[in-house]
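Report on one structure; see the data block that follows.
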Amino acid sequence: MRAAVRVAWRIGTGAALRGRAGRPLSQAAGDGGGAEGGGSSGSREAVERLVREHPVVVFMKGSPAQPLCGFSNAVVQILRLHGVEDYRAHDVLQDPDLRQGIKNYSNWPTIPQVYLNGEFVGGCDILLQMHQNGDLVEELKKLGIRSALLDAEKDQEKK
């Protein structure tokens, strides 16, 4: 994953990424809405709670079933390629406080934002880089998630 961070720094999108400092918010994939519980949905505590509720959390525009921007769609497609179906997605368009709160929490200015096991990974560009260089397979393995791409490789070897 460190290689993806270095790439982000080189292309200028990682200026806000100072280590992997985020924590995920969670909600069932496909659900809309924001944080639950006390205080503002954009408060640091509410965001922290959401980030830690599930091993894979995505803050996006729209839902996995209906992404409302190309970058959110790309994140959903990358997760789908790896067979990751059990994750929490939060539609930041449904809650302006959450939208700003997650940006403040991660110190990352854009949406979507991806969190793995409570750690901020980055946005679409970082997830794409991790997918391309194989880091995502390794990070998913740490979460106990076997990437579907490994099974696809085995199928290709049999042919």
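Small disclaimer: the values here were computed from a predicted structure and weren't measured.
- Expressed to the nearest 0.5 Å, how far CG of Asn117 lies from NE2 of His54 amounts to 11.0 Å.
- Although no hydrogens or angles enter the test, the distance criterion places a donor-acceptor pair under 3.5 Å between the side chain of Ser43 and the main chain of Ser40.
- Hydrophobic cluster membership differs between Ile111 and Phe71, with clusters built from Ile, Leu, Val, Met, Phe, Trp and Tyr side chains linked at under 4.5 angstrom.
- Between the OG atom of Ser63 and the CD atom of Gln94 there is a distance of 9.0 Å, given to the nearest 0.5 Å.
- Open room surrounds CD on Gln66; 12 or fewer heavy atoms of other groups in view lie less than 6.0 Å from it.
- Aromatic ring orientation, Tyr115 versus Phe120: tilted (interplanar angle from 30° to 60°).
- Across every non-hydrogen atom of Leu143 and Val56, the tightest pair is CD1-CG2, 3.9 Å.
- Minimum interatomic distance between Leu93 and Lys61 (heavy atoms only, all atoms of both residues): CD1-CB, 3.8 Å.
- For the atom pair CG of Asp95 and CD of Gln100, the computed distance is 11.5 Å after rounding to the nearest 0.5 Å.
- Residues Val114 and Leu79 fail the side-chain proximity criterion, which asks for heavy atoms closer than 4.5 Å.
- For the residue pair Asn133 and Asp135, the shortest heavy atom distance occurs at OD1-N, 2.9 Å.
- The line from OG1 of Thr110 to CG of Asp125 is 7.0 Å long, rounded to the nearest 0.5 Å.
- The main-chain N or O of Ile102 is found under 3.5 Å from a side-chain atom of Ser106 such that the two form a donor-acceptor pair.
- Side-chain atoms of His90 do not come within 3.5 Å of backbone N or O of Val92 as any donor-acceptor pair.
- The structure places CG of Leu136 at 5.5 Å from CG of Leu127, a figure rounded to the nearest 0.5 Å.
- The two atoms that bring Pro67 and Ser72 nearest to each other are CB-C, 4.1 Å, heavy atoms only.
- To the nearest 0.5 Å, atoms CG (Leu150) and NE2 (His82) are separated by 9.0 Å.
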Taking it one step at a time, do Met130 and Glu138 satisfy side-chain contact (heavy atoms from CB on, under 4.5 Å)? CA-CA 9 Å; Met130 291 173 66; Glu138 294 304 313; over 6 Å; no
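- Across all non-hydrogen atoms, the minimal contact from Leu81 to Ala148 is O-CB, 3.8 Å.
- Of all heavy-atom pairs between Glu53 and Arg49, the closest is CG-O, 3.0 Å.
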